[in-house]
Amino acid sequence: MRMPKTVVVGFALFAMFFGAGNLIFPVMIGADAGLNVLPTTIGFLITGVALPVLGMLVVSTASDKELEGGGIPSRIGKTPGLIFTLAIFLSTGMLYAVPRVATVTHEMAVMPFIKDAPGSDSLKLFLFTAVFFAIVTYFIFTPSRVVERVGGYLTPALLIFLALLIIVTLFSSSASLPNPSEKYASAPVVTGIIDGYFTMDALASFVFGFIIISELKERGYIARKDRVRGMLQAGLIAGGCLALVYVGLSAVGTRKAGAGFENGAELLAAVAGERFGAAGQLIFSLIVFLACLTTAIGLLSSSTEYFSKLLPKVNKNVLIVVQILVSMALANLGLNMILKVVAPLNQLIYPIAIVIIVLSLLGLALPFRLNVAYKAGAAVAAVFALLEALYLAWPDAFTSLRIFLDHFPAGQIQMGWLVPSVVALLIGIAVDYVRRSAEAPQAKAEVTA
């Protein structure tokens, strides 16, 4: 039986969002948060599920002109919007996220089977990435069928393996809820929110919007109101799947609380081995491989759509090959080298993305157009985000920045940008309202004349 259109799109969207980080972060919340696992998981769902779904919904409200100009980030200004959009597509594409999923797949899913095989680790990584990116290339060279293949075939397989691991684990063992680790002892909801940053899915919502909107158009959702309706349906399906999987994985983590695992990959591999014996590692490896493969396909397909609009004179196949080669080259630098950039990068981009999403949602409800609010809110968020990113990247060189940032509300939990950004966007909204009120009588007078 053929699945409904929005179900296929929703499943594809889930698989594109669900990568390696989405697999391991909620497991460690379950293992480390202890008695605070519930509030921490709720915080994680805010930035790991609600924010990406709202981001997709917001992207669907963009006009055709905005989509041609890079989507809703263009609302903060042409040049700032272009810089921000480029930063998102490069960081979630060939310069970071795609090389990361390739190396994570190698470390978590392949190395356990080939670690004793002849050859150096660097050669094994090179050979794997060559195969991995060959598969990715096969999918994205036929973009018209990416969503159908991912949503109709790869996602159901991924969900089956995840459900198998989660259900068997939960029904065959009991939870352990010790006192939370230091990280989750105070403000667990906020800590969960920050953990959700590292999924990078709110940023990915800007990226996946391009390919999902194109797919919705091909499936008959032409008018903007139809796109919004289709995106809402697909987003709720994707968000529902993400929430169920995150809660399930968090519960799996509680079965190993206090066991001393360094990361979620080790914990999940151990759980799979205990529950399924020799087949456990294979099941875990298939989950990791499918999760990372679908994410890489989605990210590179979407970035290809964007760059083909930005550089219309460059052949699309050339763009694909360049991205694949760059991704493969960076992947072969190794996982540790790639992970060094993740915290500063997330801290730099995420606050701006959140401001844009919040203002876009407010703009749907307000009876006047927002302009200054976007620019003021994003500018203040960008300044504070840059200071936070500099400290995270070079803490010894920027200790004075930490002292400065900690003076702001929530500054000690890396959210010092929040209150100043809210103040700036509220001032911007007031200015936009006053401008609208001042322009209305003038426009009425011109019509009367």
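Model, not experiment: these values are computed from the prediction.
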Q | Verdict with reasoning, Ile354 to Leu418, per side-chain contact (heavy atoms from CB on, under 4.5 Å) | A | CA-CA 10 Å; Ile354 292 173; Leu418 183 59; over 6 Å; no

(Q) As a quick check of understanding, evaluate side-chain contact (heavy atoms from CB on, under 4.5 Å) for Leu95 and Ser91, giving each step before the final call. (A) CA-CA 5 Å; Leu95 295 188; Ser91 63; over 6 Å; no

Q: Take Val59 and Phe208, measure what side-chain contact (heavy atoms from CB on, under 4.5 Å) needs, and give me the verdict at the end.
A: CA-CA 9 Å; Val59 168; Phe208 295 145; over 6 Å; no

(Q) Between Ile237 and Val9, is the side-chain contact (heavy atoms from CB on, under 4.5 Å) condition met? List the steps. (A) CA-CA 9 Å; Ile237 291 170; Val9 176; over 6 Å; no

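Every side-chain hydrogen bond (donor to acceptor under 3.5 Å, both in side chains) that Ser360 has, sequence neighbours left out, goes to Arg75, Tyr374. Under the ring-ring contact (aromatic ring centres under 6.0 Å, His included) criterion, Phe126 pairs with no residue at all, not counting sequence neighbours. Arg227 pairs by the salt bridge (Lys or Arg N to Asp or Glu O under 4.0 Å) definition with Asp64, not counting sequence neighbours. Residues passing the side chain to side chain contact (heavy atoms under 4.5 Å, CB included) test with Leu232 are Leu57, Leu236, sequence neighbours excluded. The salt bridge (Lys or Arg N to Asp or Glu O under 4.0 Å) search around Asp226 returns Arg229, not counting sequence neighbours.
The structure places OG of Ser205 at 9.0 Å from CG of Leu54, a figure rounded to the nearest 0.5 Å. The distance from atom CD1 of Ile83 to atom CD1 of Ile88, rounded to the nearest 0.5 Å, is 12.5 Å. Atoms CG and CG, from Asp432 and Leu370 in turn, are 5.5 Å apart once rounded to the nearest 0.5 Å. Of the inter-residue distances, the one linking Leu359 atom CG with Asn371 atom CG reads 11.0 Å to the nearest 0.5 angstrom. For the atom pair CG of Leu90 and CD1 of Ile349, the computed distance is 9.0 Å after rounding to the nearest 0.5 Å. How far CD1 of Ile287 is from CG of Leu249: 8.0 Å, rounded to the nearest 0.5 Å.
Using a 4.5 Å heavy-atom threshold, the side chains of Leu123 and Leu127 count as touching. Side chains of Arg402 and Glu388 form a contact here, defined as non-hydrogen atoms less than 4.5 Å apart. The shortest side-chain heavy-atom distance between Phe17 and Met56 falls under the 4.5 Å cut-off. With contacts defined as side-chain heavy-atom distances shorter than 4.5 Å, the pair Ile357/Phe206 qualifies. For the pair Leu405 and Gln412, the minimum side-chain heavy-atom distance is 4.5 Å or more. Residues Met108 and Phe289 fail the side-chain proximity criterion, which asks for heavy atoms closer than 4.5 Å. For the pair Lys183/Asp195, a side-chain contact is recorded, criterion being any heavy-atom separation below 4.5 Å from C-beta on. Between Arg275 and Leu165, the closest side-chain pair of non-hydrogen atoms is not below 4.5 Å.
Between Ala15 and Thr294 the shortest heavy-atom distance is O-OG1, 2.9 Å. Smallest separation of non-hydrogen atoms from Cys292 and Thr105: CB-OG1, 2.9 Å. Across Val252 and Leu170, no two heavy atoms sit closer than the pair N-CD2, 3.9 Å. The heavy-atom pair separating Ala102 from Phe128 by the smallest distance is O-CE2, 3.3 Å. Of all non-hydrogen atoms in Leu125 and Ala331, the two that sit nearest each other are CD2-O, 3.5 Å. Shortest non-hydrogen contact noted between Val98 and Ser327 is CG1-OG, 3.6 Å.
A donor-acceptor distance shorter than 3.5 angstrom exists from the side chain of Lys124 to the backbone of Ala117, with no hydrogens or angles considered. A donor-acceptor contact shorter than 3.5 Å is absent between the side chain of Asp32 and the backbone of Tyr184. Under a 3.5 Å cut-off, the side chain of Ser308 and the backbone N or O of Glu305 do form a donor-acceptor pair. Between the side chain of Thr295 and the backbone N or O of Met16 there is at least one donor-acceptor pair closer than 3.5 Å. Using a distance-only test at 3.5 Å, with no hydrogens or angles considered, no donor-acceptor pair links the side chain of Ser302 to the main chain of Leu299. Remark: the backbone N or O of Asp396 is not paired with any side-chain donor or acceptor of Tyr391 at under 3.5 angstrom. In this structure, Thr47 contributes its side chain and Ile193 its backbone to a donor-acceptor pair below 3.5 Å.
Ring geometry for Phe307 versus Phe89: interplanar angle over 60°, hence perpendicular rather than tilted (30 to 60°). Between Phe18 and Phe14, the ring planes are parallel. Angles under 30° get that label, and only those over 60° would be called perpendicular.
In this structure, Phe384 has its ring center closer than 6.0 angstrom to the ring center of Phe408. Taking the six-membered ring wherever Trp is involved, the centroid distance between the rings of Phe25 and Phe44 does not fall below 6.0 Å.
Glu107 and Thr103 form no side-chain donor-acceptor contact under 3.5 Å, judged by distance and modelled atom types alone. For the 3.5 Å distance criterion, the side chains of Asn332 and Thr129 qualify, holding a donor opposite an acceptor.
Applying the side chain to side chain donor-acceptor pair (under 3.5 Å) test to every pair with at least one member in residues 241-250, sequence neighbours left out, gives these pairs: Asn22-Tyr246, Thr41-Ser250.
Using a 4.0 Å cut-off between charged nitrogen and carboxylate oxygen, Lys256 and Glu266 do not count as a salt-bridge pair.
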